[in-house]
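Starting from 1, each residue takes its place in the sequence as its number. Side chains are part of it too, since the values below use all heavy atoms of this structure and drop only hydrogens, waters and symmetry mates.
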Amino acid sequence: MKWRAENFLMYEQAKEYVDTALIPLIPLKWGEEEKQTIIKGEYTSYLAEYLETQFTGRVFLMPSFTYLTIEQTEDKLKRLKQWDKHLVDNGFKHIIYITADITWRTIAPQLPDELIWTPVSTVESMDKTQFRATIEQQAKELMPIFTTKWQEEPKSRGE
């Protein structure tokens, strides 16, 4: 389910089954390396949307968590933890963050739940068919992360 009013009606009817929030982590940087930053965000968004379609009825795709690349780690981590707490307090058992920004890998141990980091393929040289095939292949490789997570107890938030 996506962040749309029409999907919210479906969510309300099936909320006991929709227990996972998927949050794309999208960097913003302007002034230098804009294109590479945009590619990371675009790739993450497409991958998150594809994963959501594969797990419709179990996953709710949240709006992207957008942050400046110059933002202090503590600040963006604090904001993301607020999102996490809000979603868990309102019924989500699992939160999965997804990004193509490698800086999150060093922060991952401090996150309250699962981080999926994926490198960006050389998408610029691909046509639409190749790009879609790449997204589909990447998603297939990531799907076991979701199914394994659903077999585990939700992570404690240790308030």
Side-chain angles (χ1 to χ4, degrees), residues 1-5 7-29 33 36-121 135-159:
M1 294 177 193
K2 295 179 182 167
W3 188 255
R4 295 186 181 136
N7 287 343
F8 183 75
L9 297 174
M10 284 191 306
Y11 168 76
E12 280 192 314
Q13 295 170 355
K15 68 168 100 177
E16 68 266 19
Y17 305 108
V18 185
D19 64 353
T20 305
L22 179 59
I23 304 174
L25 307 178
I26 307 294
L28 173 63
K29 182 176 188 176
E33 300 176 16
Q36 192 59 31
T37 304
I38 291 168
I39 289 170
K40 286 178 189 176
E42 188 175 16
Y43 189 82
T44 299
S45 295
Y46 280 121
L47 184 56
E49 286 183 20
Y50 186 83
L51 286 165
E52 180 276 331
T53 62
Q54 299 305 300
F55 294 119
T56 297
R58 187 78 194 254
V59 171
F60 202 107
L61 178 58
M62 295 294 160
S64 296
F65 178 84
T66 308
Y67 56 92
L68 293 170
T69 59
I70 60 168
E71 189 173 351
Q72 294 294 313
T73 299
E74 307 81 46
D75 294 338
K76 65 184 172 187
L77 188 56
K78 181 180 177 183
R79 286 193 308 115
L80 187 55
K81 284 181 177 181
Q82 288 175 331
W83 280 43
D84 183 279
K85 181 176 179 352
H86 178 75
L87 294 171
V88 169
D89 288 351
N90 285 281
F92 286 95
K93 294 178 183 169
H94 308 285
I95 312 294
I96 298 178
Y97 320 101
I98 187 166
T99 190
D101 181 354
I102 196 167
T103 61
W104 284 97
R105 288 193 58 184
T106 59
I107 303 169
Q110 299 173 60
L111 292 173
D113 218 322
E114 190 79 34
L115 173 73
I116 295 174
W117 171 78
T118 181
V120 176
S121 298
I135 292 289
E136 289 174 5
Q137 181 59 39
Q138 184 70 61
K140 285 179 187 171
E141 292 173 16
L142 298 175
M143 285 178 187
I145 294 171
F146 287 79
T147 55
T148 299
K149 175 157 263 329
W150 294 329
Q151 295 169 14
E152 301 170 350
E153 286 295 315
K155 290 195 176 181
S156 170
R157 296 313 198 254
E159 303 295 318

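The pair Glu71-Arg79 meets the salt-bridge criterion, with a side-chain N (NZ, NE, NH1 or NH2) lying under 4.0 Å from an Asp/Glu carboxylate O.
Both the sub-6.0 Å distance and the 45° axial angle are satisfied by Lys76 relative to the ring of Trp104.
His94 approaches Glu152 most closely through the heavy-atom pair CE1-O, 3.8 Å. What you find for Tyr50 and Ile135 is that their closest heavy atoms are CB-CG2, 3.7 Å. Pro24 and Pro63 make their closest contact through CD-O, 4.1 Å (heavy atoms, listed as atom of the first residue, atom of the second, distance). Here the closest heavy-atom approach between residue Glu52 and residue Val59 is recorded as CG-O, 4.3 Å.
Checked by atom type, the side-chain pair Asp75/Tyr67 shows no donor-acceptor distance below 3.5 Å.
In Lys81, the NZ atom is crowded: over 12 heavy atoms of neighbouring residues, nucleotides or ligands sit closer than 6.0 Å. No more than 12 heavy atoms of other residues, nucleotides or ligands lie within 6.0 Å of CD in Glu153, so this atom counts as exposed by the packing criterion.
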Next item on the list: Walk me through it: do Phe55 and Trp150 pass the test ring pair (Phe, Tyr, Trp, His ring centres under 6.0 Å)?
Entry: CA-CA 12 Å; Phe55 294 119; Trp150 294 329; 5.0 Å; yes

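Looking at Thr99, Leu25, Ile98 one by one, the single match for side-chain contact (heavy atoms from CB on, under 4.5 Å) with Trp117 turns out to be Thr99.
A donor-acceptor contact shorter than 3.5 Å links the side chain of Thr44 to the backbone of Ala100.
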